[in-house]
Structures are given as C-alpha cells and as structure tokens.
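Contents: one structure, followed by commentary.
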Amino acid sequence: MIDRRTLILGGAALALSGCKVFDGAYAGDSALRRLFASHEGLTQTAQRALIGNRLAPEFSEADIRQGQRPNGSTDPTDADYRRMAGSGFRDYRLTVAGLVDTPQSLSLADLTALPSRTQITRHDCVEGWSCIAKWQGVPLGTVLQQARPKLTARYAVFHCYDAIERSLSGEVFYYESIDLIDAFHPQTILAYAMNGMPLPVANGAPLRLRVERQLGYKMAKYIHTIELTDSLASFGFGKGSYWADRGYEWYAGI
Ligand SMILES: Nc1nc2c(c(=O)[nH]1)N[C@H]1C(S)=C(S)[C@@H](COP(=O)(O)O)O[C@H]1N2
Ligand SMILES: [Mo]
C-alpha cells in the first residue's frame with residue numbers, strides 16, 4: 001500500500017516539476033496517480049483521513065514557467081455569456097442560492113471588494129499534465145458565510161455557462177460540486193485573476209473555482225450560480241459532477 005518511500009518520492013517530484021505537458025509524478029499510469037486517484041488505492045474516507053485539512057503546496061513566481069494551459073471548454077457560446085463577455089462582464093452576477101438564509105447576487109465589483117487571497121499552486125489534470133499558476137480570488141468561505149448556509153447544507157454545486165455536450169436531447173452545461181469541508185478550506189477560492197491579469201475567457205472568466213487539493217476537473221470555470229444542497233441526487237445523473245457522472249471520482253483528491 002502506501003509506503004514512506006512512495007510518498008517521499010512523490011513529494012520530491014511535486015516540488016521539482018514546473019508546468020509540463022507530461023509530468024512524471026502525475027502521469028496517467030504512475031504509481032502515485034494510481035495510489036491517490038483510484039478505487040483500488042484508497043477509499044475517499046481513508047484518503048480524507050490521510051490528508052486531513054492540510055494545505056496544498058504553494059510555489060514561488062520563479063516556478064511559473066508558462067501560461068495555464070486551457071482545457072475543456074475554452075470559449076462558451078451561450079448568448080448571455082457572450083453578451084457579458086463583450087462588455088467586460090459589467091453585468092455579470094454570481095448567484096448564491098439553495099439552502100441559505102440570505103441568497104446573494106454579487107457583481108464582480110462586489111466580489112473584488114471582499115478581502116482576497118493570492119496563491120501560486122499546481123493544477124493537475126486527470127489527462128496527465130500540470131501547470132503552476134498564480135491565482136487571486138475571494139475565499140469561497142467568505143461568500144458562503146455572507147449567504148448564511150442552513151445547518152442542513154452539505155455540498156456546494158457550481159452551475160456553469162458552458163455547454164460541454166450537445167445532443168439531440170439538448171445541451172448539458174458543466175456542473176461540479178464539493179463538500180463544505182473543501183468549500184471552507186482556506187485555499188478554496190473563487191478566482192477572478194490569474195498570473196496578475198484578469199482571468200482570461202479560456203481559463204474560466206469571469207469567475208472559476210480553485211480547490212487546490214483536487215484534480216483539475218473539480219475546478220469549475222464560468223460559474224454563474226452556486227447552490228447549496230443536502231444531497232447531490234438530483235444533479236446530473238446523481239453525482240453532481242459532469243465528470244463523476246461519467247466515471248471519474250467525485251472526490252478527486254491529490
Ligand atoms: N465550466 C467548465 N469548467 C471546467 C472544465 C470545463 O470544460 N468547463 N474543464 C475542467 C478541466 S478537465 C480542467 S483540467 C480545468 C482546466 O482549467 P484551465 O482551462 O484553466 O486549464 O477546468 C476544469 N473546469
Ligand atoms: Mo482536466
């Protein structure tokens with residue numbers, strides 16, 4: 001199972017790698033990947049117990065070797081989205097709804113007026129590449145606190161502007177979810193800036209999630225609504241995550 005050597009080697013590889021298309025430690029077939037990201041490795045509960053509430057590693061400016069590689073949707077075609085993007089997201093509103101006492105509708109100006117956090121972290125995509133970038137945004141916990149979650153709330157579901165799939169039965173818009181432990185983690189932010197610039201459209205403008213201890217697909221881009229819920233059963237095929245509903249892990253811990 002997990003021997004000390006694997007963990008130490010994994011840690012060293014993490015510290016050394018920059019932004020590479022293929023990174024040894026997290027390549028699709030590596031031992032570390034299998035250990036941390038598969039059913040054969042650890043159950044979600046054991047994984048949680050192992051990593052606890054630790055912080056994800058943070059890096060220095062010198063570790064940023066290239067721009068964040070855009071992946072998944074990179075240019076939503078939704079008409080409302082296009083209109084907002086055309087005017088610098090002046091009319092953008094983030095809705096916070098569901099199991100909250102005071103639902104919110106926040107402009108970008110509202111969000112950027114809140115205390116922000118900046119972190120240089122490594123994004124690991126399940127496809128086997130990683131990138132280090134600097135992210136600035138408002139802690140998700142701050143925004144959720146303003147909405148006053150009800151005691152029954154257990155998950156935050158993110159609804160996005162991009163149709164990731166189109167078929168005869170209609171469009172499927174990207175959706176993701178995390179539990180409130182991760183939602184209130186200090187490094188979990190709603191990012192509006194990347195590498196010192198406003199978040200580009202390709203990377204999720206105007207607002208995307210950073211949940212640093214999980215894989216890239218958890219980090220919803222193009223967020224318009226955050227919905228608090230006590231159950232994921234009614235979202236997508238029941239897992240509340242576009243990719244988890246299609247076979248990936250819901251808890252994509254790294
Ligand atoms: N709304 C939305 N969020 C998304 C995706 C997407 O297609 N749509 N792709 C996910 C995946 S698989 C990855 S690796 C990251 C990519 O983020 P980036 O484009 O900033 O690199 O966004 C994630 N969040
Ligand atoms: Mo990804």
Side-chain angles (χ1 to χ4, degrees), residues 43-49 51-56 80-81 89 91-117 119 135-162 164 172-192 204 206-215 217-245 248-253:
T43 65
Q44 182 184 325
T45 314
Q47 200 176 7
R48 260 291 161 72
I51 65 179
N53 250 356
R54 72 167 171 82
L55 294 176
D80 287 342
Y81 181 86
F89 298 102
D91 302 326
Y92 172 78
R93 288 287 181 288
L94 171 69
T95 300
V96 185
L99 294 177
V100 296
D101 283 336
T102 51
Q104 307 279 303
S105 172
L106 303 167
S107 68
L108 269 187
D110 294 333
L111 291 163
T112 54
L114 293 168
S116 78
R117 178 182 167 100
Q119 58 204 26
W135 303 97
Q136 183 187 1
V138 55
L140 175 58
T142 304
V143 172
L144 294 185
Q145 210 58 268
Q146 274 189 194
R148 305 185 58 228
K150 293 186 187 293
L151 285 174
T152 47
R154 291 185 58 196
Y155 305 99
V157 179
F158 302 87
H159 299 279
C160 307
Y161 275 111
D162 57 310
I164 179 92
V172 180
F173 291 87
Y174 202 86
Y175 56 99
E176 250 308 340
S177 53
I178 59 177
D179 62 24
L180 292 194
I181 298 173
D182 266 335
F184 281 89
H185 184 277
Q187 287 171 318
T188 300
I189 63 174
L190 294 169
Y192 46 71
L207 202 66
R208 71 95 52 88
L209 182 67
R210 297 297 308 169
V211 50
E212 303 292 356
R213 300 172 310 163
Q214 295 202 50
L215 290 172
Y217 62 84
K218 299 300 289 184
M219 312 216 200
K221 309 196 283 188
Y222 316 112
I223 297 168
H224 61 76
T225 300
I226 303 174
E227 183 177 351
L228 294 197
T229 179
D230 58 355
S231 163
L232 298 174
S234 65
F235 299 91
F237 301 143
K239 295 211 164 140
S241 156
Y242 178 78
W243 284 114
D245 274 332
Y248 285 111
E249 304 286 336
W250 176 80
Y251 185 74

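Quantities reported herein were computed from a predicted structural model and do not represent experimental measurements.
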Original post:
Hey, what do you get for CD (Gln187) to CZ (Arg54), rounding to the nearest 0.5 Å?
Top reply: 9.0 Å

**OP:** For the pair Ser105 (side chain) and Thr95 (backbone), establish whether a donor and an acceptor sit closer than 3.5 Å, ignoring hydrogens and angles.
**Re:** no

**OP:** Determine the minimum heavy-atom distance between Val96 and Ala147, stating which atoms define it.
**Re:** CG1-CB, 3.8 Å

**OP:** Could you tell me the separation between the OH atom of Tyr192 and the CG atom of Leu108, rounded to the nearest 0.5 Å?
**Re:** 9.5 Å

Would you tabulate the side-chain donor-acceptor contacts of residues 230-237 under 3.5 Å, counting partners in other chains and residues two or more places apart, or write 'none'?
| residue | atom | partner | partner atom | Å |
| --- | --- | --- | --- | --- |
| Ser231 | OG | Ala233 | N | 3.1 |

Subject >> Pairs where residues 95-109 contributes a residue and the test salt bridge (Lys or Arg N to Asp or Glu O under 4.0 Å) is met, not counting sequence neighbours >> reply: Asp101-Lys150

Side-chain polar contacts of residues 217-227 - donor-acceptor pairs under 3.5 angstrom, sequence neighbours left out - could you list them?
| residue | atom | partner | partner atom | Å |
| --- | --- | --- | --- | --- |
| Tyr217 | OH | Glu249 | N | 3.3 |
| Tyr217 | OH | Glu249 | O | 2.7 |
| Lys218 | NZ | Glu176 | OE1 | 2.8 |
| Lys218 | NZ | Ser177 | O | 2.9 |
| Lys218 | NZ | Trp250 | O | 2.7 |
| Lys221 | NZ | Asn71 | O | 2.8 |
| Lys221 | NZ | Ser73 | O | 2.8 |
| Lys221 | NZ | Ala202 | O | 2.9 |
| Tyr222 | OH | Ser73 | O | 3.3 |
| Tyr222 | OH | Thr74 | O | 3.4 |
| Tyr222 | OH | Val201 | O | 2.6 |
| Glu227 | OE1 | His159 | NE2 | 2.7 |

Original post:
Taking atom CD of Glu212 and atom OG1 of Thr188, what is their separation to the nearest 0.5 Å?
Top reply: 7.5 Å

Subject >> Sub-4.5 Å side-chain heavy-atom contact between Tyr175 and Asp245 >> reply: yes

**OP:** Give a yes or no on whether the backbone of Asp182 and the side-chain of Asp179 come within a donor-acceptor separation of less than 3.5 Å.
**Re:** yes

**OP:** Apply ring-ring contact (aromatic ring centres under 6.0 Å, His included) to Phe89 and list each qualifying residue two or more places apart in sequence or on a separate chain.
**Re:** Tyr81

Show every donor-acceptor pair shorter than 3.5 Å between a side-chain atom in residues 136-146 and any protein atom, with sequence neighbours excluded, or say none if there are none.
| residue | atom | partner | partner atom | Å |
| --- | --- | --- | --- | --- |
| Gln136 | NE2 | Ser116 | OG | 3.0 |
| Gln146 | NE2 | Gln104 | OE1 | 3.0 |

**OP:** Look up atom CZ in Phe158 and atom CG in Leu207, then write down how far apart they are to the nearest 0.5 Å.
**Re:** 9.5 Å

**OP:** State, to 0.1 Å, how close Thr229 and Val157 come at their nearest heavy-atom pair, and which atoms those are.
**Re:** CG2-CG2, 3.8 Å

Original post:
If every non-hydrogen atom of Ala153 is compared with every non-hydrogen atom of Leu180, which pair is closest and at what distance?
Top reply: O-CD1, 3.4 Å

Subject >> Minimum-distance pair of heavy atoms, taken over all atoms of Leu228 and Pro149 >> reply: CD1-CB, 3.7 Å

Subject >> CG-OG1 distance between Leu99 and Thr152, expressed to the nearest 0.5 angstrom >> reply: 4.5 Å

Original post:
In Å, rounded to the nearest 0.5 Å, how long is the span from OG1 of Thr102 to CZ of Arg148?
Top reply: 6.0 Å

Original post:
Does Arg117 have any salt bridge (Lys or Arg N to Asp or Glu O under 4.0 Å) partners at least two apart in sequence or in another chain, and if so, which?
Top reply: Glu58

**OP:** Decide side-chain contact (heavy atoms from CB on, under 4.5 Å) for Arg213 and Leu55; before the verdict, give the C-alpha distance in whole Å, the side-chain angles of both, and the deciding distance to 0.1 Å.
**Re:** CA-CA 8 Å; Arg213 300 172 310 163; Leu55 294 176; over 6 Å; no

